[in-house]
Protein chains: 2
Amino acid sequence: MVIQKTSLVNIVIEKIKNYILENKLKPNDKFLTEKELTEQLKVSRTVVREALISLQAVGILKIKPGGGIYIADTKLGTINSILKHHYETHGVKIRELIEIRKIIELGALRLIIEKQVPLDIQQLREINESYLQAITTNGDTKKFDRIFHQSLIKATDNDTFYDFSEIIHQYFALVRIDLTENQESLIKSYKQHNEIVDAIKDNDLLHAQKTMNDHFEPIFTFIKKMEEES
Amino acid sequence: MVIQKTSLVNIVIEKIKNYILENKLKPNDKFLTEKELTEQLKVSRTVVREALISLQAVGILKIKPGGGIYIADTKLGTINSILKHHYETHGVKIRELIEIRKIIELGALRLIIEKQVPLDIQQLREINESYLQAITTNGDTKKFDRIFHQSLIKATDNDTFYDFSEIIHQYFALVRIDLTENQESLIKSYKQHNEIVDAIKDNDLLHAQKTMNDHFEPIFTFIKKMEEES
DNA sequence: AGTTATAATATTGTCAGACCAATTTTCAAT
DNA sequence: ATTGAAAATTGGTCTGACAATATTATAACT
């Protein structure tokens, strides 16, 4: 029987967490100072500081030197840094990430059409036209491509889904991949975008997903070639 | 112009991370001691300790009192604890998590069939038979249901996909949901499982996904009823 | 020689006090 | 009322000490 002896620091961490929950502290709220904590919890400043730093590391608190301690807005930042280290130590297969992104995009289409969420078709068109313009003027095509896909995910009316999608995207961004796209393939992408919007408008899930699937095809062939070379 | 002044602790954290990368340290490897770190980095023990505790918080190191410091096996643990706090403070809509789970399961079917991964059909059948037995003998039905679905995700030959699926599942487990299932509905689930396996065997993605979609239907109606009551 | 109990050592945990650096507050001068 | 310097507050780092835990070395025994 192993009895997990818990250190003072861990006790303090739990107490602080509970304190935040019980007092319903929101992001950017001011928290107690180190001095107040040492007095109220009757532990040394060392213990308090180690607990605070630990909570800052996981994105719960934000320590401002000289300015006090605040509730952090726990977003993706911390998770991303963890994933970054995980990627650097373990190494993650690019193919796996792309497969996941495909699943996410296909899933977004399903949610949009199945739930009949309100969708700003016109806005999607405009984004895609900006995409086209970027293509013809050697502009930032990746930017508008990303906005287009991001808009679809956002439209699913599922914030958690969007958060996870962003995490995957950030994770993917760690991998530098030089998929040199020529004008022709970019134009094709533009047309596929429009075709996807059409299919959504027609509530044609199968068509939308098929087109999205095709949309992903070039990158898969690229990955396959890359894997063969190495 | 904001100049991000970086503290000594943060510098040490980065140095330690790099040290781990450069020396290719693996989980459970013994790391340097506090003493060695203070000497090599020429900083106080306070700074070293705060850096170590920070790295332990994000699941990179594991500190054993009196026994030294080790490389932790960075898995889902830390991310889960972050999501747990996120859930407790923000509150996450159950519907969103279930939608994500559906997307994942449907995606798994697509990956399995599209990639034609080797799949132990027989094993899936056996798991489902255990599921049936649990149904008829008032056994642990949830256990075998989970194993069945887990097996499908695992079969996709995509470890990252599986990891994320597990994170979602853990996240979902935080929400206690009493979906009282009667014998009849459980039997239906059993049949659907088998139908999904059949469809996979026939490479019939549409059929597999349609059945999986139906499989999720009861929980969605349950959620909808719950939302209406509150 | 091999095993076991004990002592010595090494390592992390906690404490106290001091001083530095950054920020916020106070308050006098304008 | 505004500004700007001084004071107070707050977090950052350092040192040294002792406690609690784990590991290693030693001694005793079979």
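Throughout, protein chains are lettered first and strands after them, A, B, ... in sequence-line order, and every chain is numbered starting at 1. These numbers come from a predicted model, not from an experiment.
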Salt bridge Glu166(A)-Arg146(A), side-chain N to carboxylate O under 4.0 Å: yes
message: Looking only at the side chains, is there a donor atom on one of Asp163(B) and Thr160(B) sitting less than 3.5 Å from an acceptor on the other?
response: no
field: End axis versus end axis in the helix from dA1(C)-dT30(D) to dT30(C)-dA1(D), the angle rounded to 10°, five pairs used at each terminus
entry: 0°
- prompt: In whole angstrom, what separates Lys35(B)'s NZ from dT23(D)'s C1'?
  reply: 16 Å
- line: Among dG12(D), dT14(C), dT12(C), the one nearest any side-chain atom of Val47(A) is dT14(C)
message: Check for me whether Arg101(B) meets the cation-pi criterion with Phe172(B), that is, NZ or CZ under 6.0 Å from the six-membered ring centre and within 45 degrees of the ring axis.
response: yes
query: Between Ile69(B) (CD1) and dA10(C) (C1'), how many Å, whole number?
result: 13 Å
- request: Using ring pair (Phe, Tyr, Trp, His ring centres under 6.0 Å) as the criterion, list what pairs up with His169(A), not counting sequence neighbours.
  value: none
message: Checking contacts here: which listed nucleotide (dT11(C), dC14(D), dG12(D)) is nearest the side-chain heavy atoms of Pro65(A)?
response: dG12(D)
task: Take the protein atom NZ of Lys62(B) and the nucleotide atom P of dT11(C), then report the distance between them rounded to whole Å.
output: 19 Å
query: Do the side chains of Ile196(A) and Leu109(A) get nearer than 4.5 Å, heavy atoms only?
result: yes
message: If I take atom NZ in residue Lys42(A) and atom P in nucleotide dT14(C), what distance separates them, rounded to the nearest angstrom?
response: 18 Å
- prompt: Side chain of Arg45(B), base of dG16(D): donor and acceptor closer than 3.5 Å?
  reply: no
task: For Leu52(A), report the nucleic acid contact type (base, sugar-phosphate, nothing); a contact means any heavy atom under 4.0 Å.
output: nothing
message: Starting the side chain at C-beta, find the nucleotide from dT13(D), dT12(C), dC15(C) nearest to Ser7(B).
response: dT13(D)
- prompt: Which of the following nucleotides, dT13(D), dC15(C), dT12(C), is nearest to the side chain of Leu8(A)?
  reply: dC15(C)
query: Mind checking whether Thr156(B) and Tyr162(B) have side chains closer than 4.5 Å, heavy atoms only?
result: no
- prompt: Could you state the CG-P distance from Leu41(A) to dT14(C), rounded to the nearest angstrom?
  reply: 13 Å
task: Round to a whole Å and report the spacing from OH of Tyr70(A) to C1' of dT10(D).
output: 10 Å
message: What's Gly67(B) touching, base or sugar-phosphate or nothing? Going by heavy atoms closer than 4.0 Å.
response: sugar-phosphate
message: As a test of reading the structure: which of dC15(C), dG11(D), dC14(D) is closest to the side chain of Ser44(A), going by heavy atoms?
response: dC15(C)
task: Provide, to the nearest angstrom, the distance between the NZ atom belonging to Lys30(B) and the C1' atom belonging to dT12(C).
output: 10 Å
message: Is the shortest side-chain heavy-atom distance between Phe144(A) and Asn128(A) below 4.5 Å?
response: no
task: Please report, rounded to the nearest Å, how far the P atom of dT9(C) is from the CD atom of Glu34(B).
output: 21 Å
- prompt: Closest nucleotide of DNA chain C for Ile53(B) versus for Lys64(A): which of these residues is on the 5' side?
  reply: Ile53(B)
message: Closer than 4.0 angstrom, basic N to acidic O: yes or no for Lys35(A) and Glu39(A)?
response: yes
task: Return the nearest nucleotide to the side chain of Thr46(A); candidates are dT13(D), dA16(C), dG13(C).
output: dA16(C)
